[in-house]
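Remember, it's 1-based here, ligands and their atoms both numbered in the order they're listed. For the numbers below, each heavy atom of this structure counts, side chains included, while hydrogens, waters and symmetry mates do not.
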Amino acid sequence: MTTGSRLLGELIDSLRCLPGVGAKSAQRMAFHLLEREREGGLRLASALESAMRDVGNCGRCRNFSETPVCSLCSSASRDRHVLCVVESASDLAAIEQATGFRGHYFVLLGRLSPLDGLGPDELGLPLLAERLGEGEIEEMIIATNPTVEGEATAHYIGQLARAAGIRATRLAHGVPLGGELEFVDRGTLAHAFGSRQSLG
Ligand SMILES: [Zn+2]
């Protein structure tokens, strides 16, 4: 892109790594930051650098965390007997915002998809099985997305629960088939969460 400034060109190119940001929006953002938002831009740069460098995954639930165990896992006020399994950290955030769930989570960081090389190991299922074997969990809520792969993942995880003698439930109706939890409105998600059903 011709801008007269090499650094500006680099900024525009870099902004394009954001989802949904094409050449035009990247250019608009870069000009906005330089013209009107230098302070915010510097804050953004510093937050980006720290997060990219220091945020890893919790050793217990695989949620994003800059400490070995995340604040949700180490919280004394959450119910250790209920574990909610989600595909992504954004699904976890959606459930936290929409429901009154106060249990623990396990984040798969994906869904079973052999063609993409995502099998049980990639989803951390050995870690999950270990967790189930600790004997603290009484109910596992499987909140994978209602897509074909999400359902296959739920089925697989349901078997892990059964093997460990733990009750497994699945989010009920309301979440559209093929939908993503992240994009479901809060009321619908809260209802689906509240009326979850036992897995066969
Ligand atoms: Zn955690």
**Q** Counting only pairs under 3.5 Å, give me each side-chain donor-acceptor contact of residues 79-86, with atom names and distances, residues two or more places apart or in other chains.
**A**
{"unit_1": "Asp79", "atom_1": "OD1", "unit_2": "His81", "atom_2": "N", "d": "2.8"}
{"unit_1": "Arg80", "atom_1": "NH2", "unit_2": "Cys73", "atom_2": "O", "d": "3.3"}
{"unit_1": "His81", "atom_1": "ND1", "unit_2": "Glu136", "atom_2": "O", "d": "2.8"}

**Q** Between Glu96 and Arg78, does any NZ, NE, NH1 or NH2 come within less than 4.0 Å of an OD or OE carboxylate oxygen?
**A** yes

**Q** Less than 4.0 angstrom from a charged side-chain N to a carboxylate O is my criterion; do Glu130 and Arg60 meet it?
**A** no

**Q** How long is the gap from CZ on Arg16 to CG on Leu18, to the nearest 0.5 Å?
**A** 11.5 Å

**Q** Between Arg196 and Glu139, does any side-chain N to carboxylate O distance fall below 4.0 Å?
**A** yes

**Q** Just verifying a value: how many Å separate Glu87 CD and Leu112 CG, rounded to the nearest 0.5 Å?
**A** 9.5 Å

**Q** What's the count of protein N, O or S atoms under 2.8 Å from the Zn ion (ligand 1)?
**A** 4

